[in-house]
Amino acid sequence: MYSLTQLPGWEKLVAHRQQNQSLHMRQLFQEDSQRFSGYSLRLPGLLFDYSKNIVTRETMDLLLHLARQCGLDEKISSMFSGKRINVTEKRAVYHVALRNRSNRPMCVDGVDQMPAVNLVLGQMRRFCDRVRSGDWKGYTGRRITDVVNIGIGGSDLGPSMACEALRPFADTCLRAHFVSNVDATHLVETLKKLDPETTLFLVASKTFTTQETLTNAHSARRWFLEAGASESDIARHFVAISTNEQAVKAFGIDPENMFVFWDWVGGRYSLWSSIGLSIALYLGMDRFEELLEGAHVMDEHFRTEPLAGNIPVIMALLGIWHTNFMEYASQVILPYDQYLHRFPAYLQQADMESNGKSVTMDGNRVDYHTGALVWGEPGTNGQHAFFQLLHQGTRIVPADFIASARSQNPLGDHHPILLSNVLAQSRALMMGCTRQEARLALEGQGLEGEALESMVEHKVFEGNRPSNTLLFEEMTPRNLGMLIALYEHKIFVQGAIWNINPFDQWGVELGKKLASEILPQLKGQSKGALSDSSTRGLIDWCMERR
Ligand code: G6Q
């Protein structure tokens with residue numbers, strides 16, 4: 001065990017930061033005409049350009065040195081060898097086994113998990129083929145046209161993001177819907193469009209105890225039965241995805257209609273498991289397996305590539321540089337791809353639930369910052385909203401731009417316009433606009449004297465605002481798999497360096513417990529013993545009006 005801020009590598013980075021306070025990326029690009037090739041990495045179908053960060057070769061070497069001092073290589077091996085690295089839950093972290101397309105043995109406690117993984121993949125394939133071909137019928141003999149995934153958090157965000165991202169690869173045989181919020185509006189508005197005779201519900205919950213999911217599932221079942229179906233028809237319209245067979249039975253779903261996964265799959269890392277059934281139904285199992293293949297390509301790169309050329313490692317180290325040495329608090333994710341509109345929300349959970357921790361693996365409080373605040377929206381919409389702050393605000397927010405060379409909808413000039421915006425934005429954030437350039441531009445517009453002087457300062461952009469650009473050839477299932485796995489591993493590396501556990505979520509557990517304490521009071525069943533007057537006052541106010 002080590003204290004991160006006491007490591008020699010950490011101290012060197014602090015000093016390096018001090019010595020380079022005035023470094024500007026304009027200067028870095030001027031001094032090195034090869035900067036792009038020196039600071040970009042490639043995999044088939046993917047280009048990762050990190051040249052627009054305020055880093056030099058020395059910065060990267062120091063960061064890599066720090067990573068080695070933190071035992072990063074050994075930590076990566078521990079994950080891939082099925083060690084119980086999620087120490088607070090005493091679990092292995094093995095989502096990489098779910099997409100191990102090489103099928104080499106991957107063991108937890110000496111037991112190869114691949115036979116079980118392959119068994120469930122086979123079960124998913126048979127089920128998807130039956131539903132998609134119309135062989136699996138609803139209770140009145142009609143084919144299934146709509147699939148509703150009922151789940152929340154990790155049992156919702158990954159699958160719903162992926163279905164949206166890959167919509168061009170779906171055919172017309174099935175529509176996919178996602179209900180997560182316990183606010184009845186989500187379920188009610190979804191069901192309004194659906195016919196019980198042709199709707200299939202996937203109740204997706206790792207624990208099968210989550211209040212929101214069970215409440216939604218019970219209401220969906222009631223809606224189904226009220227439409228005239230009988231209890232025995234439930235088997236054709238409800239399947240469960242869970243690790244908890246007992247709770248599934250208790251809910252009334254036949255274990256025959258259950259797709260399992262394992263405790264070594266974290267909720268937010270579970271879209272690769274049977275939790276991804278909605279994706280497989282929507283796209284077909286072949287496409288789902290392409291998604292797994294893309295993730296496997298990234299896994300193999302991450303597992304075998306030396307740290308200096310390893311894309312998730314470099315991305316993570318840049319994040320460490322930004323968070324801990326440049327002291328930037330947040331990170332914006334900017335997919336220039338409308339189909340990726342749920343990607344920032346997905347990543348918010350993946351990153352913030354994983355690295356939003358303040359205690360080290362050995363139980364000590366950290367004396368440095370950990371996970372960044374992650375947020376974002378698709379471009380170009382964001383440009384007309386919050387980009388002002390990115391360009392001229394007092395806070396610096398490192399950006400990840402994500403785009404593809406080819407569009408799924410090649411219509412007129414739309415795609416070249418979209419791409420020109422991505423490239424223009426990252427360039428503008430880097431270059432900025434000096435006082436002299438601003439003055440020249442204003443003169444060009446015919447301004448002079450006081451009119452010109454009063455405007456100059458407003459037109460200055462400091463620039464030197466960092467960004468990464470991730471370019472894909474096209475956003476296919478394979479490339480989406482690579483993209484997601486890239487961020488998963490980036491998160492892992494940051495957790496490894498911060499010496500925290502990215503795989504537990506006690507804050508989420510707390511939320512689940514707190515609500516269940518307040519519910520009986522809101523229903524008037526108990527007065528409770530809440531000590532704070534605010535919560536009591538809010539409960540009373542609602543009670544008086546319900
Ligand atoms: C993910 C978290 C959390 C979880 C949801 C749903 O890593 O643990 O987001 O996915 O709370 O939990 P269930 O799948 O057990 O319903």
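We count ligands from 1, going down the list as the structure has it; atoms in each ligand are counted the same way. Since this is a predicted model, take the numbers as computed values, not measurements.
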If you count the atoms of ligand 1 from 1 in the order shown, which ones are under 4.0 Å from a heavy atom of [X]?
X: Ser205; value: 13 (P), 14 (O), 15 (O), 16 (O)
X: Ile152; value: 5 (C), 6 (C), 10 (O)
X: Gln349; value: 1 (C), 2 (C), 3 (C), 9 (O)

Hey, is ligand 1 close enough to [X] that some N/O pair sits below 3.5 Å?
X: Thr213; result: no
X: Gly154; result: yes
X: Glu509; result: no

Under a 3.5 Å threshold, yes or no: a donor from one side chain and an acceptor from the other, between [X] and [Y]?
X: Ser219; Y: Asn216; answer: no
X: Asp362; Y: Thr360; answer: yes
X: Ser354; Y: Arg268; answer: yes

Ring center gap for Tyr94 and Trp262 short of 6.0 angstrom: no

What residue and atom, counting heavy atoms only, is the protein's closest point to [atom], and at what distance?
atom: atom 15 (O) of ligand 1; value: Thr207 OG1, 2.6 Å
atom: atom 11 (O) of ligand 1; value: Lys512 NZ, 3.1 Å
atom: atom 2 (C) of ligand 1; value: Glu353 OE2, 2.8 Å

Over-ring placement of Arg342 relative to Phe178, 6.0 Å and 45° cut-offs: no

Option with minimal heavy-atom separation from atom 13 (P) of ligand 1, where the choices are Thr243, Val203, Thr209, Thr210: Thr210

Pairing of Arg84 and Asp109 as salt bridge, 4.0 angstrom limit: yes

Side chain, backbone, both or neither: the part of Arg268 lying under 4.0 Å from ligand 1 by heavy atom: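 Both backbone and side chain.
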
Under 3.5 Å: donor-acceptor pair, side chain of Ser77, backbone of Asp73: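 Yes, because the side chain of Ser77 sits within donor-acceptor range (under 3.5 Å) of the backbone of Asp73.
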
Val120 versus Ser274, closest heavy-atom pair with distance: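 Looks like CG1-CB, 4.0 Å.
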
